Amino acid sequence: MYKQETMDGNQAAAYASYAFTEVAAIFPITPSTPMAEGVDEWSAHGKKNIFGTEVKVVEMQSEAGAASAMRGALQAGVLGSTYTASQGLLLMIPSLYKMAGELLPGVLHVSARSIATHALSIYGDHQDVMACRQTGVSMLASSNAQEAMDFGFISHLSAIKSRIPFIHFFDGFRTSHEYQKVRIVDYEDVKKIVDYKAIDDFRNRALNPEHPVVRGTTQNPDIYFQQRESVNAFYEAVPDIVQGYMDSMENITGRKYRLFDYYGAQDAEMVIVAMASVTGTISEVVDYLNARGEKVGMVKVNLYRPFSEKHFHEVLPKTIKKVGVLDRTKEPGSIGEPLYLDVVKAFKDMPNAPVIVGGRYGLSSKDTRPSQILAVFENLKQDKPKDGFTIGIVDDVTFKSLPEADPINTEPPGTISCKIWGLGSDGTVGANKTAIKIIGDNTDLYAQGYFSYDSKKSGGTTVSHLRFGPKPIRSAYLVNNADYVACHNQAYVHHYDLLKGLKKGGTFVLNCSWDMNELHDHLPADMKRYIAQNDIKFYTIDAMKIASEVGLGNRINMVMQAVFFKLAKVLPVEEAIGHLKDSIEDMYGRKGQNIVEMNNKAVDRSLEALVQIEVPATWGMAVDDTIEDPDLPYFVEHIQTPMARHEGDELPVSAFIGMEDGTFPMGTTAYEKRGIAPMIPQWQIEKCIQCGRCSYVCPHATIRLFLLDDEEKARAPETFETKKATGRGIDHLHFRVQVDPLDCTGCANCADVCPAKGKALVMQPAEQEIRMQEDNWEFAMTVSMKDDLTNTNTLKGSQFRRPLLEFNGACPGCGETPYIKLLTQLFGERMMISNATGCSSIWGASAPSIAYTTNWNGKGPAWINPLFEDAAEFGYGMALGVEQARKRLAELITEAMSSSIPPELKEAFGEWLNIMDDGEESKKASERILGLLESYDLGDNEIVQEIIKRKDHLIKKSIWAIGGDGWAYDIDYGGLDHVLASGMDINIFVMDTELYSNTGG
Ligand SMILES: Cc1ncc(C[n+]2csc(CCOP(=O)(O)OP(=O)(O)O)c2C)c(N)n1
Ligand code: SF4
Ligand code: SF4
């Protein structure tokens, strides 16, 4: 009897890898980090590999280091592995060439991810693995969590036997993070199929002074080529070796795999060739079409490199006339993507070769739905099918996209699909994982869980996509035909189209504190109409109330989990609740009986407190009240707002015309107004000693100091109370501390640091503060800055300057953002920032939320995220560029001084030359020069005209390389060291959190 467990692809691959790994050299990168963490944890708990030893795990300073350490271990005769993705895999490329060239049987498990191009993306596609085709590694692709385990083993077994290193890859964030029921392969069984002779030979070949050899020589034209060709036989042997292990694994598991698996009609005329998770979706569409009398099929590529044309042709029906090849990558400028070109070559010179076209799909985890696959088959049906197409997007610029076909339901009958909206870190995702495990581990049902997140560090939105059913679940796409939708946050009714895709007669549960009248007032008209017109069974529950009454505070996850088990009807309620209570005992037993009791109580109370809403017939005719804001910038209205509503997928390519290079506008977070704080600080005017500390520490720039003159005071709202400002030069003004209630995250840092006796800031419930302070904040934004009256080099003085980093998406209480915010207050108008990847690049500029902003005069920090590994050198390059540009400007100005220009301008130029490297002084000198240039007509002075063209360089720039300690002390240590030693005028700022906060590890 086999064991099965619910797990994600990362865990499945890590489990297989552990068996054959002696040294794991690692470096964290999303979404592969959990594999390395799993191996590390098992090793720490003494888990043994098949050789009876624990894996030695070493974390290196970068992936380049990890791959080199792994290669060193292999040369020492020890089996090495690593886990990576994206930029990490790119950094390993030099080592991959070496590993393959030296015939070392290492294995890399890769959760394939996008590459940073015009933007960074942590989501899945095959750009990273495709960049390794040329290195000489073998490549095996898994399409689901079960294969991640099976092919994980096969990769190691085959690497050992063939001596060729393997990349075993699967789709990042789909397979890597998707929960599925997996049948566990026992290490004892695998042990029986290992080629121990090959392992002995490998160990005997190791570098060892007892029988020394030399490797890695330098070679000349006479022999390099021939020795390079001498490896061919090893590659020719790989396909049969892999197939051999697929067969041996079949004997153990009963699961049959071939190098290429064919699925569909044996007399198919049209087939799609693809690899990894999309093949699950394609197989559903193949079933759907064949059931309707079509003759279609799919070739799923398992062993991608070496590509065995022989095995490929073996599985193909002889009847095929048209082939569509899907690549999850983009190679701009090529005549086709790589898998497509391989397939074209495979058919070259064949009589009656089919028509072959290729297309791209799924970049950066773009969801690939059955209707898009249907579009590929529709395209193939045409006399001249489109080549080089895309699916999943609307390309209204270069017109490469295929029109999406009508939605089809290809899930097997009996599948229950659920979609659950939660607030990041509210426990929803964890609870859903538990629910899947309960159902997966305790019943014969298959279960699938996929979790999508937005890029807010905390307080963002999570959507859990769950499926349960009697048949294996192949649907590698988001739930868009739901039986059950739950929303754990009442504010979302205004933000998202929650019910999109909820089936007629489906169930909707809303966690809210509203009674029927309030529902009537609060629910948007389109939601009411959908509920009424589609016979939706609508329930509400006040989960917050129950959680706080039973002592769980604001942790509503147990309440909502109980509701799920009652309403989603995946299992009979009593049975489900029984399992839930067992899981409570397992999870919280160690924390004490009272915690267990609280959770059990939460479950019982929830079942009683659920309210079914009698939907009034009038809801079916509810009328929208449209509020349009004519002042919204184009970007905010047409790009940011749809993205914020989770409707960014629908934006066409033309939305990005003018932004093709990845440029985004500044200051867009100011339009978000997320309102996520449960509690907000209230200013106690009498107690305040006007120290400015609250503003100084606020991570989100949502509490600020304001100085009003009499005119401003006179037009302030009544509740905008002020007190006489204290301090030299400002005591004729009115002082106020103002909170921005809709952007505050409620972290309470400001209240914590407030030194006033009895605290001048007291946290109060958000709803009341939002009501009282919303307008006051609006007014405060119209108050003029008076920072010239204070010394900005003091704590208090600096806080009268406008921060040019505001409303960022960092976690509440973040310790990084206040520092960078302060830098922008001091230098923001002339800053250029090279920001290493890390938390700071995410909270600073996750599209469309750009927290860096500009002053009233349009000036502010120019910001770029180069990469994680090169921010110091990149910053140095920017500094070099600026230095060169200003040098030329100085030459021109010197030259202009001896041309015929007004004496006043000559004097201003001279003054500028003296202070051009002083930030503040160069600002003043620049203002003077610009004023003079405007007042004189010097159109015929060519040198002056050249100077005007370069006027943006008059002010000295403040150039910064910033990032975390992972950047500065690990991956870019060498670059940073070199830059510091160069003597260049560049500032380095390290946020030393002693963690790789952004990726774990
Ligand atoms: C080459 C490469 N490897 C790994 C990553 C993944 N990664 C992104 S940020 C990060 C850690 C950042 O840590 P640190 O520099 O300390 O900044 P923090 O997030 O703690 O602020 C890692 C490992 C990457 N982006 N590129
Ligand atoms: S509670 Fe936190 S986010 Fe809100 S104003 Fe205070 S420091 Fe800023
Ligand atoms: S920290 Fe407290 S005392 Fe200081 S300015 Fe802020 S509210 Fe006033």
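Every number for a ligand or one of its atoms is a count from 1 in the order of the listing. What you see is a predicted model, and the numbers here were worked out from it, not measured in a lab.
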Is the contact between Pro755 and ligand 3 made by the side chain, the backbone, both, or neither, using heavy atoms and a 4.0 Å cut-off?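 Just the side chain.
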Of the side chain and backbone of Leu761, name the one, both, or neither that has a heavy atom under 4.0 Å from an atom of ligand 3.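 Near ligand 3, Leu761 shows its side chain, while the N, CA, C and O stay back.
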Element-labelled atoms of ligand 2 that are located less than 4.0 Å from some non-hydrogen atom of [X]:
X: Ile703; result: 5 (S)
X: Thr702; result: 3 (S), 4 (Fe), 5 (S), 8 (Fe)
X: His700; result: 3 (S)
X: Ala748; result: 1 (S), 2 (Fe)
X: Thr745; result: 3 (S), 4 (Fe)

Under a 4.0 angstrom heavy-atom cut-off, which atoms of ligand 3 come close to Cys754?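 Near Cys754, meaning under 4.0 Å from one of its heavy atoms, ligand 3 has 1 (S), 2 (Fe), 3 (S).
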Distance filter under 4.0 Å to Cys691 heavy atoms, resulting ligand 3 atoms: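 Those of ligand 3 that fall under 4.0 Å from Cys691 are 1 (S), 3 (S), 4 (Fe), 5 (S).
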From the candidates [options], the one that places a heavy atom nearest [atom]:
atom: atom 3 (S) of ligand 3; options: Ile689, Val739, Val737; value: Ile689
atom: atom 6 (C) of ligand 1; options: Leu90, Thr30, Thr999; value: Thr999
atom: atom 23 (C) of ligand 1; options: Ala116, Pro28, Ser62, Ala85; value: Pro28
atom: atom 14 (P) of ligand 1; options: Gly966, Ser997, Cys839; value: Gly966

Do the rings of Phe169 and His126 sit parallel, tilted or perpendicular, given the 30° and 60° boundaries?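 Geometry flag for His126 against Phe169: perpendicular rings.
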Can you classify the ring geometry of Trp777 versus Phe807 as parallel (below 30°), tilted (30 to 60°) or perpendicular (above 60°)?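 Plane angle over 60°, so perpendicular.
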Looking at Ile29, which atoms of ligand 1 are within less than 4.0 Å of one of its heavy atoms?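 Near Ile29, meaning under 4.0 Å from one of its heavy atoms, ligand 1 has 2 (C), 3 (N), 4 (C), 5 (C), 6 (C), 24 (C), 26 (N).
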Heteroatom N/O/S of Cys744 within less than 2.8 Å of atom 4 (Fe) of ligand 2: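 Of the N, O and S atoms in Cys744, at least one lies under 2.8 Å from atom 4 (Fe) of ligand 2, which means yes.
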Closer than 2.8 Å to atom 2 (Fe) of ligand 3, do we get an N, O or S atom from Cys750, backbone or side chain?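 Looking at Cys750, which is the residue asked about, there is no N, O or S atom under 2.8 Å from atom 2 (Fe) of ligand 3.
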